[in-house]
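Everything below concerns the one structure shown next.
By convention here, the first residue in the shown sequence is residue 1.
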Amino acid sequence: MPGSHTGTATLVPADTRIPFPVSDQSLACHTKPALFAIEDASTADEPRAREKATAQAAQACADYPVVTECLKWVLANPPT
């Protein structure tokens with residue numbers, strides 16, 4: 001379309017001071033990545049959809065031995 005502008009995404013490199021957690025255990029973020037796509041939760045029909053999706057993702061991680069390391073990595077590398 002004339003005059004339209006297409007956006008460009010900027011890739012932000014990971015903060016290398018905080019390594020991505022490694023585990024021998026199968027992690028939900030690897031086996032069920034859609035569970036962590038909180039921004040995709042539609043609030044049109046359910047106003048608290050993102051809150052519920054966040055709670056489900058947190059519950060999926062709760063028992064993993066690397067949960068603290070994951071939290072540190074996520075806080076150092078927020079989604080863009």
Side-chain angles (χ1 to χ4, degrees):
M1 177 185 315
S4 66
H5 177 71
T6 56
T8 57
T10 303
L11 181 62
V12 178
D15 185 338
T16 57
R17 296 171 296 171
I18 309 292
F20 189 80
V22 177
S23 175
D24 293 335
Q25 189 174 1
S26 179
L27 303 174
C29 58
H30 294 194
T31 61
K32 300 176 185 176
L35 184 62
F36 299 90
I38 308 301
E39 67 278 0
D40 293 343
S42 174
T43 57
D45 294 330
E46 172 59 60
R48 295 182 59 197
R50 290 192 180 132
E51 184 178 327
K52 289 178 181 181
T54 300
Q56 288 175 334
Q59 182 62 39
C61 296
D63 296 327
Y64 289 126
V66 294
V67 71
T68 301
E69 291 82 1
C70 285
L71 177 59
K72 287 178 185 178
W73 188 88
V74 168
L75 291 174
N77 300 283
T80 57

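Remark: the backbone N or O of Gln25 is not paired with any side-chain donor or acceptor of Tyr64 at under 3.5 angstrom.
A single hydrophobic cluster is seen to contain both Ile18 and Phe20, as judged by linkage of ILVMFWY side chains at heavy-atom distances under 4.5 Å, directly or through other members.
Summarising the geometry, atom NZ belonging to Lys72 is positioned 13.0 Å from atom CG belonging to Asp15; distances are rounded to the nearest 0.5 Å. The distance from atom OG1 of Thr43 to atom NZ of Lys52, rounded to the nearest 0.5 Å, is 12.5 Å. Here Asp40 contributes atom CG and Ser42 contributes atom OG; the two are 10.0 Å apart, rounded to the nearest 0.5 Å. Interatomic distance, NZ of Lys32 versus CG of Leu27, reported as 12.0 Å (0.5 Å rounding).
When all heavy atoms are compared, the tightest approach of Phe36 to Cys61 is CE2-SG, 3.6 Å.
Applying the 6.0 Å contact sphere to CD of Gln59 captures no more than 12 heavy atoms from other residues, nucleotides or ligands.
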